[in-house]
Amino acid sequence: MSNEKLTYKKKTVYENADKAVCDFAFDYAEGYKRYLDGGKTEREALKLSVAMAEAKGFKEYRLGDKINVGDKLYYNNRGKNLFVFSVGTEHINNGIRMTAAHIDAPRIDLKQCPLYEDGGMAFFKTHYYGGIRKYQWVAIPLALHGVIATKDGKVIDVCVGEDENDPLFYINDLLPHLGREQAKLPLSEGIKGEQLNVLVGSIPEGDDVSVKLGVLKLLNQKYGIAEDDFLSAELCVVPAFKARDIGFDRALIGSYGHDDRVCAYPALTALLDSTDTEHTLMCILADKEETGSDGPTGMQCDLMLDIINELARELGGNAAAVRANSKCLSADVSAAYDPNFAEVFEKQNTPLLSCGAVFTKFTGSGGKSSTNDANAEFIGWLRSILAKDRVVWQAGELGKVDIGGGGTVAKYISKHNIETIDLGVPVISMHAPYEVIAKVDLYETYRAICAFYRY
Ligand code: MN
Ligand code: MN
């Protein structure tokens, strides 16, 4: 055996793949950037995903509908969680090739009684969603997204701050001149949750000279709502930045919400592009991953089992056999090695930017607590199919053993006797208002999922 074959060395996609693959990666990234800009919340990402599926001939499925071989279907769960599936020609008992990614992202939600005024300014009170570093969300341009459900059954879509001509929103920060005491605080306490108040207006109205009333009048003109309609609204504040290329060579993309659209997009597009497989395929786009996958739209909900049960019943299979023979890629991001913070990473086992899709055998923290820990035999099989398509990939884990940790939806799928592993794209500045990924890693993840659906 040659020395080169005897030793394993991680290489970048640029060294490993054909020039054509790198060119395709850059083309593929253009569609992804549009998906990022058009889908900043789970509701918006779902709408875009449904449109993409319908354009490829997928039809809406409702529980109880007939299912036949060859069907291309999607199930829309409350506008926040999507199951896209195509029924293959092989027997359903052979299992389903599944992927699961999440389409929610860390952000700042409005409280149910949000509006108040102080110091001549009107603000929204907020309650942050997911693991944000609060200091990163002040003094940046923000947009307001969401829905207002009224008493009379209307659901009003809200999206302000994305159009060039829209106004933006803002969270105030302290000036350095008066920030001496604040600067002594730990990073996690410099900005507190109750300080994340969003500036939304400053022109007073009426005899009371009320700025709050001024804002309410404008909201009433635009949406026909009154203050109590906030009680049944889901409104959130997200960065108003657009996805843009980063670096002179344009190899990276900066954007809000890569985690986890950077996995949702390849999982979905790979399924929509997979026409040469006999397998039944399923792509799950989940909500609430960032808060623990609870609720009826999170991966802990039994809906996945309901749909698998229906597939088994309709196609003359056995649901337990379907699950036992299914395989799942839990598609979620990983932290890329960052030389600015080298001390938290163990370089040999940390994903490197531009070195391809990342397979994470186990997540969790400390002694692998709360992890799925994928089986070696499953990874061996994955290696064989990835080699067939010359996919560039790497093994990775999240930082040094005792430093921290994190989880994904993998364990909520594998607990149903479905072989599962985490796969995803390495991210710089994960959970920041503007995160960075490499186009070649995105594309290799797409190619890895295509191979998984095909073989
Ligand atoms: Mn994620
Ligand atoms: Mn996350």
Side-chain angles (χ1 to χ4, degrees), residues 32 35-36 39-42 44-46 49 80-82 98-109 128-134 136-137 236 238-239 243 253-268 283-295 297-300 328-336 338 344 350-351 353 357-365 370-372 374 396-399 403-414 420-438 441-442 445-446 448-449:
Y32 173 55
Y35 189 77
L36 285 166
K40 289 192 174 181
T41 65
E42 61 278 0
E44 292 168 354
L46 180 137
S49 303
K80 297 175 173 183
N81 165 216
L82 186 67
M98 299 167 59
T99 56
H102 66 93
I103 47 176
D104 62 318
R107 60 174 189 241
I108 297 179
D109 286 346
Y128 58 92
Y129 174 96
I132 67 164
R133 312 191 87 195
K134 296 183 277 280
Q136 295 177 333
W137 292 73
C236 61
V238 296
I253 303 171
S255 176
Y256 165 67
H258 280 311
D259 176 9
D260 196 26
R261 286 155 187 79
V262 77
C263 298
Y265 185 76
L268 176 65
C283 170
I284 306 171
L285 301 182
D287 179 31
K288 296 288 183 287
E289 193 276 343
E290 296 294 357
T291 56
S293 298
D294 300 289
T297 53
M299 271 319 296
Q300 294 205 60
C328 182
L329 300 179
S330 160
D332 207 339
V333 295
S334 191
D338 186 339
V344 303
T350 290
L353 209 65
V358 182
F359 281 86
T360 302
K361 188 176 184 303
F362 45 84
T363 58
S365 61
S370 213
T371 183
N372 160 60
E397 82 172 275
L398 188 73
I403 285 271
T408 66
V409 298
K411 61 180 177 176
Y412 305 122
I413 297 163
S414 58
T420 304
I421 188 169
D422 283 296
L423 157 76
V425 175
V427 177
I428 296 281
S429 307
M430 193 196 297
H431 283 204
Y434 213 59
E435 307 170 312
V436 171
I437 62 103
D441 295 333
L442 165 69
T445 300
Y446 166 79
I449 297 169

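The first residue in the sequence is number 1, and the count goes up from there. Atoms within each ligand, like the ligands themselves, are counted from 1 in listed order.
Here R261 does not pair with E44 in a salt bridge; the nearest charged N to carboxylate O distance is not below 4.0 Å.
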Quick one: do I421 and L329 satisfy side chain to side chain contact (heavy atoms under 4.5 Å, CB included)? Show the steps, please. CA-CA 5 Å; I421 188 169; L329 300 179; 3.7 Å; yes

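Between the side chain of D422 and the main chain of A410, no donor-acceptor pair closer than 3.5 Å is present. When atom types are taken as modelled, the side chain of D287 and the backbone of E42 share no donor-acceptor pair closer than 3.5 angstrom.
Around the Mn ion (ligand 2), the protein atoms of type N, O or S that sit closer than 2.8 Å are D259 OD2, E290 OE1, E290 OE2, H431 NE2.
One finds the CZ atom of R133 at 11.5 Å from the NE2 atom of H431 (value rounded to the nearest 0.5 Å).
Aromatic rings from Y265 and H258 are positioned such that their centres are separated by 6.0 Å or more.
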